[in-house]
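We number each residue from 1, following the sequence as shown.
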Amino acid sequence: MLIDGLAAWLADVPDVRLTGWAASVAELLRTEPFPADVVLLEARLADGSDPVENVCALVLLRRRVLVVSAMPGGNLARRMIEAGAGGYLTKNHRLESLLSKVRELAEEKTACPPGPAADHTAGRDCVRPVLSPQEHAVLLAYASGMTLAAAARSAGVRPGTAKNYLERVKEKYRKAGRPAYTKLELAVRLREDGLAI
């Protein structure tokens with residue numbers, strides 16, 4: 001019903017159109033490459049997936065993300081913005097506000113709008129640790145939202161080996177003065193260093 005309503009409303013908007021939809025981020029990623037400049041993401045999806053990891057997965061694919069939620073902003077909104085979402089709108093906003101934000105994100109030159117988590121690196125050169133191809137493969141898979149076991153399978157290694165790679169990556173970032181201890185922080189480092197694909 002919501003999708004039909006949005007599609008009907010956008011039918012009279014010449015410069016914005018709905019190109020597709022999916023019930024979950026996992027379903028959307030299975031249709032990659034999907035033709036969209038901006039992804040409207042419901043904060044809480046029916047599949048119970050983690051909202052922050054959903055943003056990370058889309059941002060790592062260089063998608064601009066606008067979160068739309070029935071819930072007011074707060075800690076979750078802050079975390080999703082830090083993960084790379086370009087904005088967070090509650091559903092009590094007028095449709096014109098949604099349209100304005102979609103246009104704003106679509107016109108941005110960067111595919112991944114930097115959030116507050118990246119602000120500390122602004123204006124100075126980042127020290128980028130040198131990662132081996134195996135470390136990068138495991139990091140990319142893990143930070144995109146996969147479990148450690150799934151990231152290991154994706155990289156073609158055992159879970160124990162994948163865990164060792166991640167520990168080495170974390171140590172390299174710590175030595176570079178840019179510690180990253182959580183999946184979200186690792187995803188932010190990938191974006192900062194341009195290592196996402």
Side-chain angles (χ1 to χ4, degrees), residues 1-118 140-146 150 154 183-184 186-192 194-197:
M1 184 172 61
L2 292 174
I3 294 295
D4 289 344
L6 186 60
W9 178 67
L10 289 174
D12 295 327
V13 180
D15 62 327
V16 177
R17 66 187 179 92
L18 188 64
T19 60
W21 55 89
S24 67
V25 171
E27 180 182 324
L28 183 64
L29 296 182
R30 285 196 293 271
T31 66
E32 178 71 20
F34 49 93
D37 294 315
V38 178
V39 175
L40 298 179
L41 176 65
E42 168 64 53
R44 298 284 185 189
L45 294 173
D47 66 349
S49 53
D50 184 275
V52 176
E53 290 186 7
N54 283 338
V55 172
C56 287
L58 292 167
V59 167
L60 285 174
L61 290 174
R62 300 197 174 277
R63 298 298 177 182
R64 299 177 182 98
V65 179
L66 176 58
V67 179
V68 181
S69 176
M71 300 180 299
N75 185 55
L76 178 61
R78 178 188 58 77
R79 290 172 57 223
M80 295 180 87
I81 295 294
E82 288 178 349
Y88 186 103
L89 286 180
T90 53
K91 291 180 179 176
N92 61 354
H93 280 80
R94 296 175 58 83
L95 288 171
E96 287 78 9
S97 297
L98 174 69
L99 194 56
S100 175
K101 190 63 181 176
V102 166
R103 287 184 176 123
E104 177 187 322
L105 289 179
E107 291 171 2
E108 289 202 8
K109 289 184 170 40
T110 57
C112 305
L140 187 62
Y142 181 71
S144 71
M146 291 185 185
S154 174
K183 185 180 289 190
L184 173 58
L186 288 168
V188 170
R189 297 294 173 266
L190 274 172
R191 284 195 298 113
E192 291 171 349
L195 296 176
I197 57 173

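Across all non-hydrogen atoms, the minimal contact from Glu27 to Ser24 is N-OG, 3.0 Å. The shortest non-hydrogen separation linking Leu190 to Ala143 is CD1-CB, 3.6 Å. Looking at every heavy atom in both residues, Ser154 comes nearest to Met146 through CB-SD, 4.0 Å. For the residue pair Val38 and Ala106, the shortest heavy atom distance occurs at CG2-N, 3.7 Å. The minimum heavy-atom distance linking Ala57 with Leu29 is given by the pair CB-CD1, 4.2 Å.
Here OG of Ser144 is found 11.5 Å from CG of Leu186. Values are rounded to the nearest 0.5 Å. Distance check: Tyr88 OH to Leu76 CG gives 5.0 Å after rounding to the nearest 0.5 Å. Note: Leu28 CG to Arg63 CZ = 8.0 Å, rounded to the nearest 0.5 Å. Expressed to the nearest 0.5 Å, how far NZ of Lys101 lies from CZ of Arg64 amounts to 12.0 Å.
In this structure the side chain of Leu66 reaches within 4.5 angstrom of the side chain of Leu98, judged on heavy atoms. Side chains of Val102 and Asp37 form no contact here, defined as non-hydrogen atoms less than 4.5 Å apart. Val67 is not listed as a side-chain neighbour of Ile81, based on a closest heavy-atom distance of 4.5 Å or more. In this structure, Leu18 and Ile3 have side chains that are in contact, with non-hydrogen atoms separated by less than 4.5 Å. Under the 4.5 Å side-chain criterion, counting only non-hydrogen atoms from C-beta, Leu99 is in contact with Trp9.
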- prompt: What do the steps show when you test Cys56 against Lys183 for side-chain contact (heavy atoms from CB on, under 4.5 Å), and what is the final call?
  reply: CA-CA 9 Å; Cys56 287; Lys183 185 180 289 190; over 6 Å; no
- prompt: Between Arg44 and Ser69, is a side-chain contact (heavy atoms from CB on, under 4.5 Å) present by the stated rule, with each step listed?
  reply: CA-CA 7 Å; Arg44 298 284 185 189; Ser69 176; 5.7 Å; no
- prompt: What do the steps show when you test Leu10 against Arg17 for side-chain contact (heavy atoms from CB on, under 4.5 Å), and what is the final call?
  reply: CA-CA 6 Å; Leu10 289 174; Arg17 66 187 179 92; 5.9 Å; no
field: Derivation and outcome, side-chain contact (heavy atoms from CB on, under 4.5 Å), residues Val25 and Val39
entry: CA-CA 10 Å; Val25 171; Val39 175; over 6 Å; no
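Every residue two or more places apart in sequence or in another chain was checked for a salt bridge (Lys or Arg N to Asp or Glu O under 4.0 Å) with Asp4, and none qualifies. Remark: Ser49 pairs with Asp47, Asn54 by the side-chain hydrogen bond (donor to acceptor under 3.5 Å, both in side chains) rule, at least two apart or across chains. Residues passing the salt bridge (Lys or Arg N to Asp or Glu O under 4.0 Å) test with Arg94, sequence neighbours excluded: Glu96.
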